Amino acid sequence: MNIFRFAGDMSHVFSIIILLLRLHVAKNANGVSLKTQELFLIVFCTRYLDLLIRFISLYNSAMKILYIGSTAAIIHMIRYREPYRSTYDRSQDSFRLEFALIPCLVLAMITSLIRGFGFIELFWTFSIYLEAVAILPQLIVLQRYSVVENLTGHYIFFLGAYRGLYILNWIYRAYTEKHYHHDYVVYACGFVQTALYADFFYYYFQSKYYGGTFSLPT
Amino acid sequence: ERREGAKDEL
């Protein structure tokens, strides 16, 4: 465990706390994408299947359970609990999940076939591909609302920071671990995912620097 | 912590 990885994980936890706080404080689900949360839940459930077969560390297991549990709780709130259910605007969150799920599954099957992976690795690879695009529905919703609420903006910022820090973590590990296993699929997806946040970061920092409302160009 | 590249990450 290095400082970049730990900071990345904490940034991820922090983003989830901010989203929960945002729902609680604003008492609505305006501008929050349920589709992104559902994609993240699928990502976590498929990636952490190894919870059932092997133990890495207490830290790893606890974080995995925390990610699955908190994301499931957010989905439950938006889907079934008031005032979130009635304020969630389904028509703005129109991303079709199958457009992300099917290509990722096909890619994961091809990758697994080439690498001779088993069942658990197939789902692990699927989750790597899916995580890269899981933020897309949320970015689309933001684009439609145009003006970005502070807390929603911070949520996406910390989620993006988590991915950026993971890239630094890989660089650090590549230099410091003698037999570090390079996984180029993971690297490629990590870069794609971070790149998706680049545009958001640009406007986020611009709004922080100049003050005033944070809005995205339409 | 067992080390296995990206698989021991989150």
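So that the names make sense, note that chain A is the first sequence line, chain B the second, and so on, each numbered from 1. Because the structure is predicted, anything quoted here is derived from the model rather than measured.
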Within 45° of the axis and under 6.0 Å from the centre of the six-membered ring of Phe99(A), does NZ or CZ of Arg96(A) qualify? yes
Criterion side-chain contact (heavy atoms from CB on, under 4.5 Å) on Arg115(A) and Val185(A), from CA distance to verdict: CA-CA 11 Å; Arg115(A) 291 181 169 183; Val185(A) 168; 3.3 Å; yes
Residue Glu131(A) versus chain B: region with a heavy atom under 4.5 Å: neither
Interface check, chain B: of Phe44(A), Tyr187(A), Tyr166(A), most non-hydrogen pairs under 4.5 Å belong to Tyr166(A)
Hey, which of Asn169(A), Ile128(A), Asp183(A), Asp50(A) has the most heavy atom pairs under 4.5 Å with chain B? Asn169(A)
Can you classify the ring geometry of Tyr204(A) versus His154(A) as parallel (below 30°), tilted (30 to 60°) or perpendicular (above 60°)? perpendicular
If only side-chain N and O atoms count, and only distance matters, is there a donor-acceptor pair under 3.5 Å linking Arg144(A) with Gln92(A)? no
